[in-house]
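Protein chains get the first letters and strands the later ones, always in sequence-line order, with residue 1 at the start of each.
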Amino acid sequence: MAIQTPKGTRDILPNEIHKWNYVEKEFAIICKRFGYQEIRIPVFEYTELFQRGVGDDTDIVQKEMYTFNDKGGRSITLRPEGTAGVVRSYIQNGMSSLPQPVKLFYQITAYRYEQVQQGRYREFHQFGAELLGAQDAAADVEIISILALFFEKIGVKNLILNLNSIGCPECRKAYNELLKEYLSDKISDMCDTCKTRYDRNPMRILDCKVDSCRAHLINAPALLDHICDDCRAHFEQVTHKLETIGIPYNIDRNIVRGLDYYTKTVFEFVSENIGTKGTVCGGGRYDGLVEEIGGQPTPGVGFALGVERLLLEMESQGIEFPEADAPDIYIGAIGERAGQVAEKLTWQLRSKNIYCIKDIMGRSVKAQMKYADKLNVRYTLILGDNEIDSNKARLKDMKTGETKDISLDTLIDRLVKNKA
RNA sequence: GUGGGUAUAGCUCAGUUGGUUAGAGCGCCAGGUUGUGGCCCUGGAGGUCAUGGGUUCGAAUCCCAUUAUUCACCCCA
């Protein structure tokens, strides 16, 4: 069996690359319009960054990371997401001395060792943005509005914005006690994972999908109803501002993002057509993360968007992508002498920024024309001894089939003019 | 980590109750008289039928294992 891509990875082939180029470009344009600058971070980091940043308790760190020791014996991990690396860079490069807030966006691959299924791969692509240094609800709303505008710009409709607040460490601590109290007489009846969650991270019990566990949770207190005054005020400002701009949202008390660093606002945009849970992107506020990784206390908010899922959603909505450019002209040649002229002509055209393809197989005129047709070129020009002697050639419009005699001297100028 | 589906040419798939040199469409290459694509016609290349065992006189076909892939659960992007 020939070697294939490893499980959960895939090639992005030329026939679909225009889709990727399109969304990448549009995303960058939107981010820049909001004042975000692109940052590129390493594919791998020291494992400790993710253990501290993403959280030792999370599924990602416990079972999904690609971790190995390098030849120097250092523990290295392929990034499972982008935020931790960006925040590390913020600290390492002294960005707290830059004018605040600092606004960054990125387009990365990320790696998680998981079972693959539709819209979930072991190597996947994320677009993300991070806003560091701003604690006001306006920052949360700006982050969300980048996404809303991006979706609007590329024509993606009907994504639902689910919103929740998971409070700050203080109110979460109080809530965890409340939840444990509520569950104290029920936990013995619940699943094993819930039992371990009960001690380590009771909030995650709310996420359990086991029916018998769910039954016990129906009347469980919701975190959103027990956050502190400060967090409540923040959440109300977020919803109020969203209403002001006109971004619809849905409050979902059950969103508990899978990364430990989130505080206060958490959100996700979900689709109903792409299977599984349909999360196209997720994000939230992470006011404790910079400090956790070793920087000065700095508020932050951001998101990550799954590009594979975005493309799935776009395809299921029948959104048309701009086609890749077709060549302006194909230069064919018969024989050695014409080949040389074609060579030179092609070079001149290309240097004038004309998208020009030339025969390099020495094939028959018929084969060359077929090839030109498949490339979807606009014009063809076949050179032979006659053309070179007369300094004229027949330019053929491949759409209409019309031909026109044209002087080789004026060809370049005409094509350049034609293109402009 | 758990459960189900699938695995035949580059792609999409046929292959009858196990029976000779395994097929089609598309794609690719070439030709249909001298130098012009699309339509049509002809020909060609390309498959250890995922891999390894087993049953059988005989296996693409039945059984087992492995691997890959896919969908779902968990969780996430």
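Checked against the 6.0 Å centroid threshold, Tyr261(A) and Tyr286(A) count as a close aromatic pair.
Screening residues 376-386 of chain A for side-chain hydrogen bond (donor to acceptor under 3.5 Å, both in side chains), with sequence neighbours left out, gives Arg337(A)-Asp385(A), Arg378(A)-Asp397(A), Tyr379(A)-Asn418(A).
For Arg394(A) and G37(B), the CZ to P distance is 13 Å, given to the nearest whole Å. Regarding Met369(A), its CE atom lies at a distance of 15 Å from the P atom of G31(B), rounded to whole Å. Summarising the geometry, the separation between CD on Gln368(A) and C1' on A30(B) is reported as 15 Å, rounded to the nearest angstrom. Distance, Leu395(A) CG to U36(B) P: 17 Å, rounded to whole Å. Distance Leu383(A) CG to G35(B) C1': 12 Å, rounded to the nearest Å. As rounded to whole Å, 14 Å separates atom C1' of U36(B) from atom CG of Asp397(A). Atom NZ of Lys63(A) and atom P of C75(B) are 8 Å apart (whole Å). The separation between Gln118(A) atom CD and C71(B) atom P is 5 Å, rounded to whole Å.
The side chain of Arg309(A) has A77(B) as its nearest neighbour among C71(B), A30(B), A77(B). For Lys366(A), taking side-chain heavy atoms from C-beta onward, the closest of the listed nucleotides C29(B), G37(B), A77(B) is G37(B). Comparing A77(B), U36(B), C74(B) by their closest approach to the side chain of Gln117(A) singles out C74(B). Taking every side-chain heavy atom of Lys370(A) into account, G31(B) is the closest of G35(B), G31(B), U2(B).
G4(B) and C74(B): their C1' atoms are spaced 16 Å apart (whole Å). Annotation: C13(B) and U17(B) have their C1' atoms spaced 23 Å apart (nearest Å). Comparing the same atom, P, in A22(B) and in U61(B) gives a spacing of 14 Å after rounding to whole Å. For the P atoms, the distance from C26(B) to A68(B) is 35 Å, rounded to whole Å. Rounded to whole Å, the C1' atom of A72(B) lies 34 Å from the corresponding atom of G27(B). Comparing the same atom, P, in G15(B) and in A7(B) gives a spacing of 11 Å after rounding to whole Å. Look at the P atom in both U16(B) and C39(B): the space between them is 34 Å, to the nearest Å. If you take atom P in G47(B) and the same atom in G23(B), they sit 14 Å apart, rounded to whole Å.
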Give RNA chain B the dot-bracket treatment, 5' to 3': Watson-Crick (N1-N3 with N6-O4 or O6-N4) or G-U (N1-O2, O6-N3) under 3.5 Å, [ ] crossing, | other strand. (((((((..((((.....[...)))).(((((.......))))).....(((((..]....))))))))))))....
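The base of G35(B) sits with one of its N or O atoms less than 3.5 Å from a complementary donor or acceptor on the side chain of Glu387(A).
Within the 4.0 Å cut-off from OP1 or OP2 of A68(B), not a single side-chain nitrogen or oxygen of Gln4(A) is found. Between U69(B) and Lys7(A), a contact under 4.0 Å exists linking OP1 or OP2 to a side-chain N or O. Between Lys374(A) and C29(B), a side-chain N or O to OP1/OP2 separation shorter than 4.0 Å is present.
Remark: ring of Tyr371(A) does not overlap the six-membered base ring of G37(B) in a stacked fashion, as centroids less than 5.5 Å apart with planes less than 30° apart are not both met.
As judged by a 4.0 angstrom heavy-atom cut-off over every strand, Arg363(A) is placed among residues touching the sugar-phosphate backbone only. Residue contacts shown for Ala304(A) are limited to sugar-phosphate atoms, with no base heavy atom under 4.0 Å away. Nucleic acid contact for Gly401(A): base, since at least one base atom lies under 4.0 Å from a heavy atom of the residue. If you check every strand for non-hydrogen atoms under 4.0 Å, Glu308(A) touches nothing. Counting any heavy atom pair closer than 4.0 Å across all strands shown, Phe127(A) reaches no nucleic acid atom.
Comparing Lys396(A) and Leu305(A) against RNA chain B, the residue whose closest nucleotide sits nearer the 5' end is Lys396(A). In terms of position on RNA chain B, the residue among Glu402(A) and Gly282(A) whose nearest nucleotide sits closer to the 5' end is Glu402(A).
Geometrically, Arg79(A) does not engage Phe50(A) in a cation-pi contact defined by less than 6.0 Å to the ring centre and at most 45° from the axis.
Proximity of a side-chain donor or acceptor of Ser165(A) to a complementary backbone N or O of Phe235(A) within less than 3.5 Å is not detected. Checking side-chain atoms of Gln368(A) against main-chain N and O of Arg363(A) turns up a donor-acceptor pair under 3.5 Å. Looking at Glu170(A), its side chain never comes within 3.5 Å of a backbone N or O of Lys173(A) through a donor-acceptor pair.
Here the closest heavy-atom approach between residue Ala393(A) and residue Leu381(A) is recorded as CB-CD1, 3.5 Å. The two residues Ala326(A) and Leu375(A) have their closest heavy-atom pair at CB-O, 4.1 Å. The two residues Ile108(A) and Glu81(A) come nearest to each other via the heavy atoms CD1-C, 4.2 Å.
For the ring pair (Phe, Tyr, Trp, His ring centres under 6.0 Å) test, no residue two or more places apart in sequence or in another chain qualifies with Tyr106(A).
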